[in-house]
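FYI, side chains are in, hydrogens and waters are out, and symmetry mates aren't considered; it's all heavy atoms of this structure. Throughout, protein chains are lettered first and strands after them, A, B, ... in sequence-line order, and every chain is numbered starting at 1. All figures in this text were calculated on a predicted structure; none of them were measured in a lab.
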Amino acid sequence: METEEINENPPPAFSNYLPSVAIVGAIFGVVSFVLGLFFGYQQINAEPTGSIFSPLMLSGVVVCLITCFGGAVAVWHYTKEVSSSLTLGQGSLIGFMTGAVIVLATVVFNEIWMLIDPDYTEKLIEATVANVEAMDLPQNAKDDMVDSMVEGVRSSQSVLQQIFWGIPVTGLLNLITGMIGTKLFANKEEGSF
Amino acid sequence: MMKQKWLYFGVLTALFLLVLFSLGSGLWGSEQTGRHWTEKLFYGVCHQMPDRSFTFNSLPMAVNSRCFGIFFGLFAGWLTIPLSYKLTFKKTWPVKLLLFAVILQIIDFSGNYLQLWVNTNLSRALLGFLLGAGASLSIGDLFYNNNSKK
């Protein structure tokens, strides 16, 4: 007589993760894009004060902080909508994929915005340079800062570069917050993954 | 006994690379035109202002001092997971430490922004280290079975 092993708790299919990953990733991508745009236009329309805390710098800090929490929120969404049981590996996978979706969504929205306001990047560069020039710093420090910021803004024009360079770090940080989400929201399983 | 070792060592390797890459062109060479690849790597997560960054081999790192502290703290905390699980297993203090570190970051950033005080590269790096290490330690016990230690 043949015996058949039945796994009562088969691991969830990969597609089960996708709704949480896609929804949370898209929402965080939109939030990241809108905040970036908001601070970007603030920078463009502001008088150059020479303050180190320019809208562009605030944008970097706020957007980074928010996007890093995407992994934890996606795990929370998964535990609410699909299953409260989750292994550490599954939580980290959800986190990494959410980070990747955030980067993709942000890149897509940025490209769409370039069609709406093609001069946005140049205006942002001009405003950034004007603010740095007004800073009370040695000229070589200003030059370094201008080079760094201008190159940074210009490099964001390349779609492939944004995706290629953006996913690894954002994905890793969201992988870790995905694990934190697993600890906080999930009933941990003892599975191998 | 540790479980999911492949995940632990995979993330450990990734965090080690994260720290190495964040050292920037001072370690990886700057003989190229345009933006260094390490700066491109971290552009999405860090403002990378040279005067708010440490230098390595006389060149600014690819990330600012706070981000470097966070990355180094994540790596150092992750490295100590196998050693510290007896202290962290089923304890709430690592999560409390993480919350405390987050609150400290907000206070430090706000105080500096409102010109109540001026923080330094070192103070930003130390607070970042606390946040990164707290994040790693708070998830460390998930790598151990419930019967590892009661």
Side-chain angles (χ1 to χ4, degrees), chain A residues 32 52-54 56-61 63-65 67-68 87-89 91-93 102-103 106 132 135 137-138 141-142 144-145 147-156 158 161-162 164-173 175-184 188 190-193, chain B residues 3-8 10-11 14-15 17-18 21-22 34-53 59-60 62-64 66-67 70-71 74 77-78 94-95 98 102 105-106 109 112-115 132 134-136 138-143 145-147:
Chain A
S32 165
I52 197 89
F53 290 103
S54 63
L56 199 62
M57 185 215 177
L58 279 177
S59 163
V61 173
V63 168
C64 170
L65 273 177
T67 52
C68 285
T87 67
L88 189 57
S92 58
L93 180 64
I102 291 170
V103 172
T106 309
V132 173
M135 286 181 181
L137 289 172
K142 285 183 193 176
D144 286 348
M145 203 175 282
D147 289 345
S148 172
M149 287 178 153
V150 170
E151 282 286 347
V153 174
R154 281 196 200 283
S155 74
S156 68
S158 160
Q161 275 197 0
Q162 284 183 78
F164 180 79
W165 297 111
I167 287 178
V169 175
T170 307
L172 178 62
L173 295 176
L175 178 149
I176 289 170
T177 60
M179 287 181 174
I180 294 174
T182 306
K183 167 138 184 169
L184 295 177
K188 271 73 71 181
E190 297 292 327
S192 60
F193 178 65
Chain B
K3 58 179 183 177
Q4 295 172 324
K5 287 180 183 171
W6 66 268
L7 181 61
Y8 172 79
V11 174
L15 291 175
L17 291 175
L18 195 71
F21 294 158
S22 69
R35 198 168 170 78
H36 196 263
W37 63 268
T38 53
E39 291 167 5
K40 290 177 186 172
L41 186 64
F42 295 105
Y43 174 67
V45 294
C46 179
H47 59 61
Q48 304 175 310
M49 297 174 91
D51 69 321
R52 295 173 77 83
S53 308
L59 291 171
V63 294
N64 66 50
R66 194 187 300 275
C67 287
I70 292 171
F71 295 162
L74 278 170
W78 201 266
V95 174
L98 177 60
V102 170
Q105 291 284 346
I106 294 168
F109 184 87
N112 198 51
Y113 182 69
L114 299 170
Q115 299 181 339
S136 285
S138 69
I139 45 185
D141 65 342
L142 295 183
F143 285 97
N145 294 317
N146 286 332
N147 54 4

Response to the item:
Heaviest contributor of heavy-atom pairs below 4.5 Å to chain B, chosen from A/Thr177, A/Ile180, A/Leu175, A/Ile167, is A/Ile180
Discussion item. At a 4.5 Å cut-off on heavy atoms, which part of B/Leu74 comes close to chain A: side chain, backbone, both, or neither?
Written reply: side chain
Item to complete: Name the region of A/Leu172, side chain, backbone, both or neither, that has any atom closer than 4.5 Å to a heavy atom of chain B.
Response: side chain
Worksheet item: By a 4.5 Å heavy-atom criterion (distance strictly below it), what part of A/Leu173 contacts chain B: side chain, backbone, both, or neither?
Response: side chain
Worksheet item: Among B/Phe21, B/Trp37, B/Phe71, whose ring-ring contact (aromatic ring centres under 6.0 Å, His included) with B/Phe42 holds?
Response: B/Phe71
Worksheet item: Below 4.5 Å, heavy atoms only, C-beta onward: do B/Leu7 and A/Met179 meet side chain to side chain?
Response: yes
Item to complete: Answer whether the closest heavy-atom distance between the side chains of B/Val95 and A/Lys183 falls below 4.5 Å.
Response: yes
Fill in: Structural part of B/Leu98 lying under 4.5 Å from a heavy atom of chain A
side chain
Worksheet item: Is there a side-chain contact between A/Thr106 and A/Thr67, using heavy atoms and a 4.5 Å cut-off?
Response: no
Fill in: For A/Ser32, the option from A/Thr170, A/Val103, A/Val63 that meets side chain to side chain contact (heavy atoms under 4.5 Å, CB included)
A/Val63
Fill in: Part of B/Leu41 lying under 4.5 Å from any heavy atom of chain A
both
Worksheet item: Any chance the rings of B/Trp78 and B/Phe143 have centres within less than 6.0 Å?
Response: yes
Practice prompt. Write down the atom of B/Ala135, the atom of B/Ile139, and the distance for their closest heavy-atom approach.
Written response: O-CG1, 3.4 Å
Worksheet item: Relative to chain A, which segment of B/Arg52 carries a heavy atom at a distance below 4.5 Å: side chain, backbone, both, or neither?
Response: side chain
Practice prompt. Could you look at B/Asn112 and say if it's the side chain, the backbone, both or neither that has a heavy atom under 4.5 Å from chain A?
Written response: both
Worksheet item: For A/Leu65, is it the side chain, the backbone, both or neither that has a heavy atom under 4.5 Å from a heavy atom of chain B?
Response: neither
